[in-house]
Each structure stands twice: as C-alpha cells, then as structure tokens.
Amino acid sequence: MIRVMPILKSAIKKQKQDKKRTAVNKPYKLQYRAAIKKMREEKTKKALQAAFQALDKAAQKRVIHKNKASRLKSRLNKLLKTAGKKAAR
C-alpha cells in the first residue's frame with residue numbers, strides 16, 4: 001500500500017487526529033477481540049461475562065457501535081447455550 005502525504009493543511013491535521021484516535025482506540029479493540037476469542041475457546045459463564053464487559057466498554061468508548069456490541073453479545077450467549085445443550089447429551 002502506497003502512503004500519500006497530504007498537501008492541504010486540513011488533511012495534515014486530519015491525519016494527525018486519525019493517528020491519535022487509532023492509538024487511543026486500539027487497546028479497547030484488542031481487549032474485546034481477545035475476550036471474544038477466549039469465550040469461543042472456553043465457553044464458560046466467566047468468559048462470557050468478561051466478553052460482555054469488554055464489548056460494553058468498547059461500545060461506551062465508541063470504538064464499536066452499540067448495535068454491533070449487542071449483536072456480538074447475542075451470538076456469544078447463543079454459543080454458550082448450544083454448548084450447554086451439547087454437554088448435557
């Protein structure tokens with residue numbers, strides 16, 4: 001990928017802002033993605049709770065949209081329920 005240096009003053013400023021925002025948002029994104037990954041591997045209530053907290057925090061900080069957080073939480077909850085049914089068989 002070729003990086004193009006901005007020429008306009010406003011474009012330079014926007015690039016700086018984007019770099020700062022990316023640095024601030026990255027830890028929250030990594031945290032919720034790691035929590036989801038852990039939940040998919042372990043399938044426990046404790047992992048589900050940790051994933052919910054990470055997703056809520058990311059949505060609160062506007063790293064992800066609240067509807068995306070809700071959708072992911074729903075899918076993780078469904079995954080836990082199906083894992084429970086399989087274990088009961």
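For the single chain, residues carry numbers from 1 onward in sequence order.
With values rounded to the nearest 0.5 angstrom, Q60 atom CD is found 10.0 Å from R62 atom CZ. Here the NZ-CG distance, from K37 to L30, works out to 11.0 Å after rounding to the nearest 0.5 Å. The line from NZ of K61 to CG of D56 is 13.0 Å long, rounded to the nearest 0.5 Å.
A54 and Y32 make their closest contact through CB-CA, 3.7 Å (heavy atoms, listed as atom of the first residue, atom of the second, distance). The minimum heavy-atom distance between A51 and L76, with the atom names listed, is CB-CD1, 3.8 Å. Heavy atoms only, all atoms of each residue included: K43 and A83 are closest at CD-CB, 3.4 Å. Here the closest heavy-atom approach between residue T82 and residue L79 is recorded as OG1-O, 2.9 Å. Between A11 and P6 the shortest heavy-atom distance is CB-CB, 3.5 Å.
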Between side-chain atoms of residues 12-26 and protein atoms elsewhere (two or more places apart, or another chain), which donor-acceptor pairs fall under 3.5 Å?
unit_1	atom_1	unit_2	atom_2	d
K14	NZ	D18	OD1	2.7
K14	NZ	D18	OD2	3.4
T22	OG1	D18	O	2.7
N25	ND2	R21	O	3.3

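More than 12 heavy atoms of other residues, nucleotides or ligands sit less than 6.0 Å from atom CD of E42. For NZ of K29, the number of neighbouring non-hydrogen atoms (other residues, nucleotides, ligands) closer than 6.0 Å is 12 at most.
If you run side-chain contact (heavy atoms from CB on, under 4.5 Å) between I36 and each of M39, R40, R33, K38, only R40 comes through.
Judged by distance alone, with hydrogens and angles left aside, the side-chain atoms of S70 form no donor-acceptor pair with the main-chain N or O of K66 at under 3.5 Å.
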